[in-house]
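Have a look at the structure below, then the notes.
Since the structure is predicted, the reported quantities are computational estimates derived from the model, not experimental observations.
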Amino acid sequence: MECIECGTNNRLSDRTKHQGFCKKCQHPFAFEPISMTGTQITDRFFADVINVVSSDNTVFFTSRQLLYGLNKRLKKVGISDLRENNRVILPLVSVSIAFSFLSILELTDLHLRVYELFYWLKGNLFLSVSFGLFLLPFIILIRSGVVRKTSVVEVTQYQLTEWIRRWQTVNSPIAKLLPEPRKTSSATIDPEIEAYSFDRAIICDCAEVAQLLIANNLHFENNCAILSVTGYPQSIFATVMEMLRRNPELSVYALHDASCNGVCLIHTL
């Protein structure tokens with residue numbers, strides 16, 4: 001397993017000997033794949049997922065987005081591992097089929113009478129074709145990636161929370177990971193712009209999504225107010241609502257989950 005600090009490869013014997021620390025730089029490992037059932041996460045794997053979700057550490061993200069990215073990558077690894085095994089399995093299957101068909105052409109006696117050769121070919125041809133047709137669907141499924149590795153287990157939110165805690169204890173805090181939205185936020189509005197309004201408003205069905213959009217400066221880039229229907233951010237919610245009412249041409253957009261409660265947001269608005 002590669003150390004994310006110095007890049008040194010540490011085998012299981014190395015990690016055991018050094019009690020979970022890198023044999024070169026003594027940096028501790030956050031994960032031990034051998035002790036994990038179904039989802040053998042390494043430090044490099046987890047760091048790569050964080051890098052992808054945050055777009056090279058340029059975009060804020062939530063723990064739910066990290067969970068989705070982690071499970072998506074685990075499924076891809078399961079398929080790729082299976083295809084690596086196919087490099088050995090498929091040649092063996094091909095050789096077996098080839099030998100089956102070659103057995104049809106094997107003649108022990110060139111002076112066999114015609115009817116004996118006919119019945120001999122008929123029996124072996126049936127077995128060979130049956131064997132080939134039996135294996136063909138499995139070969140197609142394996143090559144197309146439909147057959148997945150059964151050992152890959154989907155990560156739960158509870159597991160991820162524990163992994164994040166362990167990761168941030170061993171390494172530095174995840175810079176772009178957003179915390180849970182607070183009931184009381186410290187957001188403020190410059191008194192000079194309170195007399196103005198916005199061209200657009202996005203109303204989210206939960207505080208988590210509103211926090212994500214605000215953290216990534218969507219409101220600044222699009223002259224757009226972003227609020228949640230639950231009243232996030234609380235410290236400026238009433239002020240922003242007063243600003244929105246000043247624009248009779250205001251465009252209001254509802255951003256919600258594809259659920260019964262989410263669809264009801266439009267009626268609430």
Side-chain angles (χ1 to χ4, degrees), residues 46-76 154-158 160-161 163-164 167-168 172-269:
F46 198 76
D48 288 343
V49 173
I50 293 174
N51 191 51
V52 170
V53 174
S54 65
S55 296
D56 296 328
N57 205 33
T58 59
V59 176
F60 286 94
F61 61 93
T62 66
S63 61
R64 282 203 298 171
Q65 289 174 305
L66 180 59
L67 179 65
Y68 175 81
L70 192 62
N71 282 320
K72 182 179 180 181
R73 192 177 180 91
L74 280 171
K75 290 178 181 178
K76 286 184 178 180
E154 189 168 300
V155 179
T156 64
Q157 185 66 55
Y158 177 80
L160 180 60
T161 301
W163 292 353
I164 291 174
W167 178 269
Q168 296 190 132
S172 58
I174 304 174
K176 297 296 183 179
L177 176 62
L178 292 171
E180 292 293 326
R182 298 179 180 178
K183 293 183 178 180
T184 57
S185 61
S186 58
T188 58
I189 297 179
D190 190 336
E192 294 183 0
I193 67 172
E194 287 187 13
Y196 299 93
S197 185
F198 297 90
D199 296 330
R200 291 165 290 275
I202 296 178
I203 310 300
C204 308
D205 62 345
C206 65
E208 184 182 27
V209 176
Q211 179 195 34
L212 174 67
L213 299 181
I214 294 172
N216 287 299
N217 292 322
L218 184 70
H219 54 304
F220 280 132
E221 297 173 359
N222 298 277
N223 187 27
C224 177
I226 300 176
L227 302 170
S228 77
V229 73
T230 58
Y232 181 89
Q234 287 81 358
S235 60
I236 59 173
F237 186 83
T239 303
V240 173
M241 288 297 293
E242 288 296 326
M243 296 172 66
L244 294 179
R245 293 189 180 99
R246 296 193 186 104
N247 185 3
E249 302 298 327
L250 179 71
S251 298
V252 181
Y253 300 89
L255 182 59
H256 57 80
D257 287 341
S259 62
C260 293
N261 291 334
V263 172
C264 289
L265 174 61
I266 187 64
H267 301 290
T268 303
L269 295 179

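- Among residues two or more places apart in sequence or in another chain, the side chain to side chain donor-acceptor pair (under 3.5 Å) test is passed with Arg200 by none.
- For the side chain to side chain contact (heavy atoms under 4.5 Å, CB included) criterion with Asn216, the lone passing option out of Leu213, Ile214, Leu212 is Leu212.
- Smallest separation of non-hydrogen atoms from Ser63 and Gln157: OG-NE2, 3.6 Å.
- Between atom CD of residue Gln65 and atom CD of residue Glu208 there is a gap of 8.0 Å, rounded to the nearest 0.5 Å.
- Residue pairs meeting the salt bridge (Lys or Arg N to Asp or Glu O under 4.0 Å) criterion with at least one member in residues 224-241, sequence neighbours excluded, do not occur.
- Heavy-atom minimum distance, Gln211 versus Pro181: OE1-CG, 3.5 Å.
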Considering only distance and modelled atom types, tabulate donor-acceptor pairs under 3.5 Å from the side chains of residues 257-269, sequence neighbours left out.
residue, atom, partner, partner atom, Å
Ser259, OG, Gly262, N, 3.1
Thr268, OG1, Cys264, O, 3.3

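- For residues 233-242, every residue pair satisfying the salt bridge (Lys or Arg N to Asp or Glu O under 4.0 Å) rule, not counting sequence neighbours, is listed here: Glu242-Arg245.
- Using a distance-only test at 3.5 Å, with no hydrogens or angles considered, a donor-acceptor pair links the side chain of Asn247 to the main chain of Phe198.
- Nearest heavy atoms, Gln168 versus Ile174: OE1-N, 2.9 Å.
- With contacts defined as side-chain heavy-atom distances shorter than 4.5 Å, the pair Glu154/Lys75 qualifies.
- Atom-to-atom distance recorded for Leu160:CG and Asn71:CG is 8.5 Å, nearest 0.5 angstrom.
- Leu70 places a side-chain heavy atom less than 4.5 Å from the side chain of Phe46.
- Take Asp56 and apply the side chain to side chain donor-acceptor pair (under 3.5 Å) test, not counting sequence neighbours, and it matches Asn51.
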Report all side-chain donor-acceptor pairs from residues 218-230 shorter than 3.5 Å, counting only partners two or more places apart or in another chain.
residue, atom, partner, partner atom, Å
Asn222, ND2, Leu218, O, 3.0
Asn223, ND2, Asp199, OD2, 2.8
Ser228, OG, Thr230, N, 3.4
Ser228, OG, Thr230, OG1, 2.7
Ser228, OG, Gly231, N, 3.3
Ser228, OG, Tyr232, N, 2.9

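- Open room surrounds OH on Tyr68; 12 or fewer heavy atoms of other groups in view lie less than 6.0 Å from it.
- Taking the side chain as every heavy atom from C-beta outward, Val52 and Phe61 never approach each other to under 4.5 Å.
- The CG atom of Leu67 sits 9.5 Å away from the CZ atom of Arg64 when rounded to the nearest 0.5 Å.
- A pairwise comparison of heavy atoms in Leu177 and Thr62 identifies CD1-C, 3.8 Å as the closest pair.
- Between Ala201 and Leu250, the closest heavy-atom pair is N-CD1, 4.1 Å.
- Residues Gly69 and Val53 come closest through the heavy atom pair CA-CG2, 4.4 Å.
- The structure places CE of Met241 at 11.0 Å from OG1 of Thr239, a figure rounded to the nearest 0.5 Å.
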